[in-house]
Trainee: 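Below is a structure I'd like to ask you about.
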Amino acid sequence: MKRERQSMDKNFGVVAVAAVVAIGGYMWWSGQESPAPTARGEAMVAVTLPDSLSEEAQIGARAFEAKCAACHGVGAAGREGAGPPLIHKIYEPSHHGDGAFMVAATNGVRQHHWSFGSMPPVEGITPAEIKSIVTYVREVQRANGIE
């Protein structure tokens with residue numbers, strides 16, 4: 001019995017160490033640091049806004065603030081407890097193309113990267129608004145080194 005207990009304790013230790021290494025490895029691989037805890041509703045990431053936006057992105061910025069910022073935060077910095085930051089490596093064009101934003105806003109999207117729950121469709125949003133919003137998000141992403 002004592003030998004079984006020692007074996008179980010050793011296995012648990014190995015699993016715990018493996019989990020810590022896996023999480024640390026993922027954070028290193030993805031280029032992310034451990035996020036600092038934030039209060040509910042606060043911005044999740046620091047966002048640098050570009051000095052200027054294209055005309056299309058300016059339209060998108062206004063549409064974003066009206067339709068998306070309640071969950072995704074001002075400047076797409078995310079809101080703790082509400083919605084993820086779009087100015088994040090996860091949403092770079094090679095991982096979430098422009099069409100993914102169109103589908104998410106039009107049809108909603110099942111939770112998969114974050115723990116905020118599924119995103120419902122955005123009521124009353126038009127394809128033209130989504131296109132402008134994507135232009136805005138992409139320009140802000142580029143200003144933050146996400147391409």
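Just so you know, these numbers come straight off a predicted model, no measurement behind them.
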Trainee: Taking the side chain from Gln58 and the backbone from Leu53, do they hold a donor-acceptor pair closer than 3.5 Å?
Mentor: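 Answer holds: yes.
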Trainee: How far apart are the closest heavy atoms of Ile146 and Glu92, and which atoms are they?
Mentor: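 Scanning both residues completely, I find the closest heavy atoms to be CG2-CB, 3.5 Å.
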Trainee: Of all residues at least two apart in sequence or in a different chain, which pass the side chain to side chain contact (heavy atoms under 4.5 Å, CB included) check with Asp98?
Mentor: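 Applying side chain to side chain contact (heavy atoms under 4.5 Å, CB included) to Asp98 gives Val134, Arg138.
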Trainee: Working to the nearest 0.5 angstrom, can you tell me the gap between Thr126 OG1 and Lys131 NZ?
Mentor: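 It is 11.5 Å, given to the nearest 0.5 Å.
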Trainee: For Ser132, enumerate each residue passing the side chain to side chain donor-acceptor pair (under 3.5 Å) test, keeping only those at least two apart in sequence or located in another chain.
Mentor: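 Here the qualifying residues are Glu56.
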Trainee: In terms of hydrophobic clusters joined by side-chain contacts under 4.5 Å, are Tyr136 and Met119 together?
Mentor: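 Hydrophobic grouping puts Tyr136 with Met119.
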Trainee: Drop me the distance from Arg142's CZ to Glu147's CD, to the nearest 0.5 angstrom.
Mentor: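 Between Arg142 CZ and Glu147 CD, I get 6.5 Å after rounding to 0.5 Å.
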Trainee: Is there side-chain contact between His72 and Pro85, with heavy atoms separated by less than 4.5 Å?
Mentor: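 Not in contact.
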Trainee: Supply the atom-to-atom distance Phe116 CZ to Gln111 CD, rounded to the nearest 0.5 angstrom.
Mentor: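 CD of Gln111 is found 9.0 Å from CZ of Phe116.
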Trainee: Which residues satisfy the side chain to side chain contact (heavy atoms under 4.5 Å, CB included) test with Val47, sequence neighbours excluded?
Mentor: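 For Val47 the side chain to side chain contact (heavy atoms under 4.5 Å, CB included) partners, ignoring immediate neighbours, are Val45, Leu49, Ala77, Ile87, Val140, Asn144.
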Trainee: Grouping I, L, V, M, F, W and Y whenever their side-chain heavy atoms are under 4.5 Å apart, do Ile59 and Ile130 come out in a common cluster?
Mentor: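 No, Ile59 and Ile130 fall in different hydrophobic clusters.
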Trainee: Would you confirm whether His95, through its side chain, and Lys89, through its main-chain N or O, come within 3.5 Å as a donor-acceptor pair?
Mentor: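 Not at all, since once roles are kept as given, no pair shorter than 3.5 Å links the two residues.
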Trainee: Going only through I, L, V, M, F, W and Y residues with side-chain contacts under 4.5 Å, is there a path from Trp114 to Val137?
Mentor: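 Yes, because Trp114 and Val137 connect within a single hydrophobic cluster, where side-chain heavy atoms sit under 4.5 Å apart.
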Trainee: Drop me the distance from Gln141's CD to His88's NE2, to the nearest 0.5 angstrom.
Mentor: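 If I round to the nearest 0.5 Å, the distance is 11.0 Å.
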Trainee: Once rounded to the nearest 0.5 Å, what's the spacing between atom OG of Ser52 and atom CD of Glu139?
Mentor: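 Result: 8.0 Å between the selected atoms.
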Trainee: Parallel under 30°, tilted from 30 to 60°, perpendicular over 60°: which one fits the rings of His113 and Tyr91?
Mentor: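 The arrangement is perpendicular - the two ring planes meet at more than 60°.
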